[in-house]
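Naming: A, B, ... by sequence-line order, numbering from 1 per chain.
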There are 2 protein chains.
Amino acid sequence: MSPRAGLDTQTLVIAAAELADEQGMEEVTLAALAAKLGVRSPSLYNHINGLQGLRTLLAVHGLEQLYATMSLAADGLNGDEAVQAMGQAYVDFARKRPGLYETTLRAPEQEHTALERAGERILKLIIDVLGSYNLGEEAELHAVRGLRSILHGFASLEHKGGFGMPLDANISLSRLIQTYIAGIEKMKGADYTE
Amino acid sequence: MSPRAGLDTQTLVIAAAELADEQGMEEVTLAALAAKLGVRSPSLYNHINGLQGLRTLLAVHGLEQLYATMSLAADGLNGDEAVQAMGQAYVDFARKRPGLYETTLRAPEQEHTALERAGERILKLIIDVLGSYNLGEEAELHAVRGLRSILHGFASLEHKGGFGMPLDANISLSRLIQTYIAGIEKMKGADYTE
DNA sequence: CCCCATAAACTAATGTTATTAGTTATAATA
DNA sequence: TATTATAACTAATAACATTAGTTTATGGGG
């Protein structure tokens with residue numbers, strides 16, 4: 001089916017994700033990827049749409065993996081337990097696959113349908129997990145933004161070494177999520193007028 | 001004092017920050033900066049230590065500006081009002097100076113003393129603002145991580161267009177901060193044993 | 001007032017990168 | 001087996017960072 005077979009898009013994406021995790025996102029260049037695959041850079045264009053295209057594919061791949069991780073963690077749980085499990089899974093994913101996680105947020109193309117769908121699945125999962133708190137539609141959407149901010153902010157700062165102090169990060173995260181949940185319960189029904 | 005005077009380090013940093021805000025961090029190249037200043041790229045090396053050095057200086061500059069903004073906002077306030085004002089100021093800074101804010105987190109050198117000091121000032125400010133809740137040392141440090149995660153996560157996701165829904169972002173932020181504070185009050189003294 | 005040393009800005013050159021155009025060769029198919 | 005589709009190739013270009021070495025303006029010392 002293909003002359004000198006060996007490469008296809010999936011292989012490229014997976015190899016690029018490894019590069020990202022091992023060397024950091026800066027180092028995932030077409031030159032480095034080609035070298036890793038034993039091929040010349042221009043050959044990659046048979047499978048991907050240049051560096052931008054590769055980044056978009058990486059983002060989709062990363063979001064799919066992240067979704068799978070979060071979904072598995074929350075499966076069968078609800079309420080606080082589900083939120084905690086999902087949150088820990090999110091941050092653990094960012095820890096284990098730092099490069100791939102980073103690509104998730106660095107998607108250049110907005111109108112890429114596969115990218116949008118991967119993002120929406122995660123959004124729906126978070127909405128679902130927050131469903132048991134019966135917040136009402138608008139408050140729930142604000143809470144989704146809140147939880148996403150918390151998880152991404154924590155993962156991002158931890159990765160960038162922003163947490164200097166010698167303090168267990170897992171405890172920080174667990175407390176952060178628990179505190180936010182407690183706040184949600186306490187503020188339920190408030191109109192937030194200042 | 002200097003032949004063909006005109007450029008110095010501060011000028012470069014300020015021009016680079018403008019570039020970052022206008023074009024995005026990707027576009028702050030030595031070539032673009034030199035063009036903006038009417039000079040050839042190698043000339044920049046008389047004032048900065050290459051691209052990495054420029055990025056470090058940008059991070060310091062950004063952290064200083066961010067500190068000034070947060071400090072001004074929280075001045076004279078305490079408790080919930082101070083946290084809200086400081087949080088809004090943080091996110092507003094990231095909105096108005098997206099490129100400069102981004103450099104803040106992208107510092108390559110860790111042992112740069114000016115960079116460390118700029119970061120510590122912000123840390124101390126947050127600790128100070130959280131002081132009125134009397135959490136005790138350890139809980140307070142966890143809370144600092146929490147608040148930083150919230151603010152950075154929100155700013156980062158908003159900038160990257162992660163908030164798709166047509167929902168007022170300022171309300172989301174205000175609620176997020178308020179919810180976190182409410183959670184802190186509610187959890188005060190809890191031992192977080194699960 | 002002039003000289004001269006300092007250092008800013010320059011030109012030239014190298015190596016790395018992404019990307020395009022056009023060629024070669026392989027593997028599936030007819 | 002011959003043909004065709006296409007993966008991988010070479011060659012070439014343009015943008016970038018960086019280094020080495022050169023020119024030149026400027027301000028302080030004579």
[X] [atom1] to [N] [atom2]: how many Å, rounded?
{"X": "B/Leu51", "N": "D/dA17", "atom1": "CG", "atom2": "P", "result": "6 Å"}
{"X": "A/Gln52", "N": "C/dT20", "atom1": "CD", "atom2": "P", "result": "12 Å"}
{"X": "B/Leu54", "N": "D/dA17", "atom1": "CG", "atom2": "P", "result": "10 Å"}
{"X": "A/Leu30", "N": "D/dA14", "atom1": "CG", "atom2": "P", "result": "20 Å"}
{"X": "B/Leu7", "N": "C/dC10", "atom1": "CG", "atom2": "C1'", "result": "13 Å"}
{"X": "A/His47", "N": "D/dA8", "atom1": "NE2", "atom2": "P", "result": "4 Å"}
{"X": "B/Arg55", "N": "D/dT18", "atom1": "CZ", "atom2": "C1'", "result": "14 Å"}
{"X": "B/Leu44", "N": "C/dA7", "atom1": "CG", "atom2": "P", "result": "18 Å"}

Margin query: Going by side chain to side chain donor-acceptor pair (under 3.5 Å), name the pairs with one or both residues in residues 48-61 of chain B, residues two or more places apart or in two chains.
Written below: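 Residue pairs passing side chain to side chain donor-acceptor pair (under 3.5 Å), neighbours aside: B/Thr56-B/Glu109.
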Next item on the list: Check whether any side-chain N or O of B/Arg97 sits under 3.5 Å from a backbone N or O of B/Gln65 as a donor-acceptor pair, and report yes or no.
Entry: no
Notebook entry, point to check: Can you check whether A/Ser174's main-chain N or O pairs, donor with acceptor, with A/Gln84's side chain at less than 3.5 Å?
Noted result: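 Yes; judged by distance alone, with no hydrogens or angles, the pair exists.
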Next item on the list: State which of D/dC9, D/dA17, C/dC10 makes the closest approach to the side chain of B/Tyr45.
Entry: D/dA17
Notebook entry, point to check: With under 30° as parallel and over 60° as perpendicular, where do the rings of B/Phe154 and B/Phe163 fit, or are they tilted in between?
Noted result: tilted
Margin query: Is the ring pair B/Tyr101/B/Phe93 parallel, tilted or perpendicular, if the boundaries are 30 and 60 degrees?
Written below: perpendicular
Distances under 3.5 Å between protein N/O atoms and the N/O atoms of nucleotides 10-12 of chain D, please, pair by pair.
| residue | atom | partner | partner atom | Å |
| --- | --- | --- | --- | --- |
| D/dT10 | OP2 | A/Arg40 | NE | 3.4 |

Margin query: Does B/Asn46 contact C/dA7 through a side-chain donor or acceptor facing the base, at a distance under 3.5 Å?
Written below: no
Margin query: What residues from residues 12-29 of chain A pass a heavy-atom cutoff of under 4.0 Å to DNA chain D?
Written below: none
Check: Are any of the side-chain nitrogens in B/Glu26 or A/Arg106 under 4.0 Å away from the carboxylate oxygens of its partner?
Finding: yes
Item checked: Under-4.0 Å salt bridge between A/Lys188 and A/Glu185 -> yes
Margin query: Looking at B/Lys96, I'd like to know if its NZ atom is crowded, meaning that more than 12 non-hydrogen atoms belonging to other residues, nucleotides or ligands lie closer than 6.0 Å.
Written below: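 Open: at most 12 neighbouring heavy atoms sit under 6.0 Å from NZ of B/Lys96.
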Check: For A/Tyr133 and A/Asn78, does a side-chain donor sit closer than 3.5 Å to a side-chain acceptor?
Finding: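 The criterion, which ignores hydrogens and geometry beyond distance, is not satisfied for A/Asn78 and A/Tyr133.
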